[in-house]
S.K.: 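Take a look at this one; I'll ask things after.
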Amino acid sequence: ASANASLDYDVLIVGAGLSGIFSLYRMRQLGLRVRVLEAGSAEGGTWFWNRYPGARFDSESYSYIFSFSQEVLDEWNWTEHFAPQTETLKYVQYLTKKFDLKRDMQFNTSIRSAHWQQASDSWLLTDQDSKTYTCRYLITAMGILNEPTLPNIPGVRDFKGTAWHTARWPENAPSLEGKRVGIIGTGATAIQTIQTIADRVGHLTVFQRTANWTAPLRNTKISPKEMQKIRKDYPKIFRQCLESYSCFIHVVNKESVFSMSEEERLAHWEDLYARPGFAKVLGISSDIYTDRKANELYSAFHADKIRSRIKDPIVAEKLVPKTHGFGTRRVPLESGYYEVFNQPNVKLVDISDNAIERITESGVQTHDETYDLDILIYATGFDAVTGSFNAIEFKGLNDTNLKDVWSNGIRTFLGLTVKDFPNMFMIMGPHQMFGNIPRSIEYAVEWTSDFIKYAHENNVLYVEATEEGMDQWTEHVHECGKGLLANEVDSWMTGVNKNLAHKQKRSMTRYNGPAPGYRKRCDEVKQRSYSDFVMKQG
Ligand code: NA7
């Protein structure tokens with residue numbers, strides 16, 4: 001630590017969500033001087049910001065949390081198979097309390113720039129009040145969906161009623177009771193919001209540009225007895241997660257779609273449809289994700305399910321996605337979403353060929369109609385994955401700007417590091433697994449912590465990825481993504497956000513290969529004593 005004595009900290013962590021929390025826990029165990037800087041007024045990240053009605057897991061609660069502490073697994077009880085945001089936030093608060101983490105967390109601190117200082121092999125961070133912080137190692141823990149984006153529709157600021165983005169749901173939001181409410185967007189967030197507020201609003205207008213595939217969540221309560229069983233099963237649950245492609249408990253069907261008879265196929269799909277959670281997304285044959293014909297069949301199966309739940313056939317057709325196949329975008333799970341459109345107080349406005357022309361003082365104006373509203377909710381998504389990085393001025397070696405490094409496509413080494421950005425580690429940066437995110441976080445934090453421990457013990461003050469390493473890794477990431485139908489579709493996962501001029505082109509934002517393969521490659525780098533990196537000793 002003496003080599004770092006002139007610096008404020010050994011390690012700075014940006015973000016107090018799950019990534020930041022576990023990073024802090026591990027850095028403390030290494031005996032390092034560490035501080036978490038967080039823009040929000042409290043810990044929780046995604047679960048702190050996303051307080052919209054109906055926000056909840058659509059992965060099984062007990063598989064989508066930390067596994068690193070046996071004590072936590074022993075103590076914490078989940079009360080629902082798919083926990084609501086309120087419960088998950090309590091879990092996060094319980095963690096920070098249990099491990100006394102808050103004394104090293106600083107809230108209301110929005111980092112504006114992070115500059116590498118060549119002379120001292122350190123990072124200099126500056127916050128919104130121009131306060132500065134220096135450290136040897138920098139851990140970015142900013143999350144992949146953290147920068148909300150408003151639609152690029154003229155007049156967004158003109159609306160005289162109340163409007164907000166779902167990720168910034170006001171703490172003292174006006175009651176929706178009896179109000180004329182409009183919502184723009186039909187992604188995962190919108191679906192959870194719509195199905196939750198439809199009963200309590202006076203009238204709800206849903207503006208849909210792209211219909212999304214969604215299927216039943218089938219959430220149920222967890223009784224204390226059932227929780228006991230889950231607790232006993234934890235080792236099995238986490239083993240299953242680690243062994244599977246994207247770290248979920250659901251097991252992929254090894255049979256291809258066309259090797260089953262039509263009868264077998266339908267029986268299999270009906271069985272999955274009846275099950276809770278991502279079974280119908282992750283328990284299917286994997287050729288549905290790569291073979292257009294197989295995907296069409298499975299999409300048709302779901303289209304019929306949608307039609308069977310909507311009374312008005314014209315509305316039903318609008319809700320059946322036509323632009324992309326099932327599972328080629330993130331499939332949100334719903335609880336009564338389709339039935340909402342049978343309610344007399346809910347109107348679906350298809351804006352795919354009748355675009356919103358402007359937001360006016362009184363509401364939303366499409367090409368052929370005006371909708372007067374009291375409240376307008378933007379469920380319009382995020383500047384995903386690279387958005388949090390772009391919001392901060394990252395300057396590395398020789399003033400290299402991270403934005404410029406990624407302007408022609410993302411490049412990383414292992415999704416954890418970038419050349420020219422020494423001593424910087426990204427938890428949930430681009431090119432990492434986006435499947436079961438807590439599993440990815442745990443791995444990335446363990447890997448980073450091992451590396452920092454190694455550096456610390458060997459008096460290494462400087463570590464940097466190489467050009468060759470970045471080239472090879474980036475090529476590998478692209479190779480893994482080949483043949484996946486999802487990569488032919490615009491979504492936040494392929495880096496597209498139509499509200500941002502610079503994000504209209506698809507890019508390879510995530511690691512598409514199997515998680516065990518990802519971990520193996522990263523483990524090998526560790527086994528080679530990090531010789532893939534340029535290192536300088538103090
Ligand atoms: P998403 O999935 O990015 O969804 C955003 C939605 O907002 C989507 O339906 C968009 O339509 C719609 N949108 C965005 N901008 C506009 C404009 N300008 N006009 C009309 N409609 C618009 O974000 P979510 O927050 O729902 O979910 C993000 C992830 O969080 C989710 O995948 C889960 O992993 C958890 P589009 O499809 O672009 O036509």
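One-based numbering, in listed order, for ligands and for the atoms of each. Below, each value reflects all heavy atoms present in this structure, side chains not excepted, and no hydrogens, waters or symmetry copies.
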S.K.: Please check if the distance between the ring centroids of F22 and F66 is under 6.0 Å.
M.R.: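 Yes; F66 has its ring centre under 6.0 Å from that of F22.
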S.K.: Give a yes-or-no answer on whether the side chains of H81 and E60 include a donor-acceptor pair shorter than 3.5 Å.
M.R.: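 Not at all, the side chains of H81 and E60 share no donor-acceptor pair under 3.5 Å.
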S.K.: Heavy atoms under 4.0 Å from ligand 1: which residues qualify?
M.R.: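 For ligand 1, the contacting residues are L145, P151, N152, I184, G185, T186, G187, A188, T189, R209, T210, R329, R330, I351, A379, T380, G381, F382, W492, N499.
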S.K.: May I ask you to check if K305 and Y273 form a cation-pi contact, with NZ or CZ under 6.0 angstrom from the six-membered ring centre and within 45° of the axis?
M.R.: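 Yes, a cation-pi geometry.
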S.K.: Please work out whether the ring planes of H431 and H478 are parallel, tilted or perpendicular, with thresholds of 30° and 60°.
M.R.: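 Perpendicular.
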S.K.: Determine whether the aromatic ring centres of residues Y52 and W164 are separated by less than 6.0 angstrom.
M.R.: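 Not under 6.0 Å, so no.
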S.K.: State whether W213 and R329 meet the cation-pi test: NZ (Lys) or CZ (Arg) under 6.0 Å from the six-membered ring centroid, and within 45° of the perpendicular axis.
M.R.: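 R329 over W213 ring: no.
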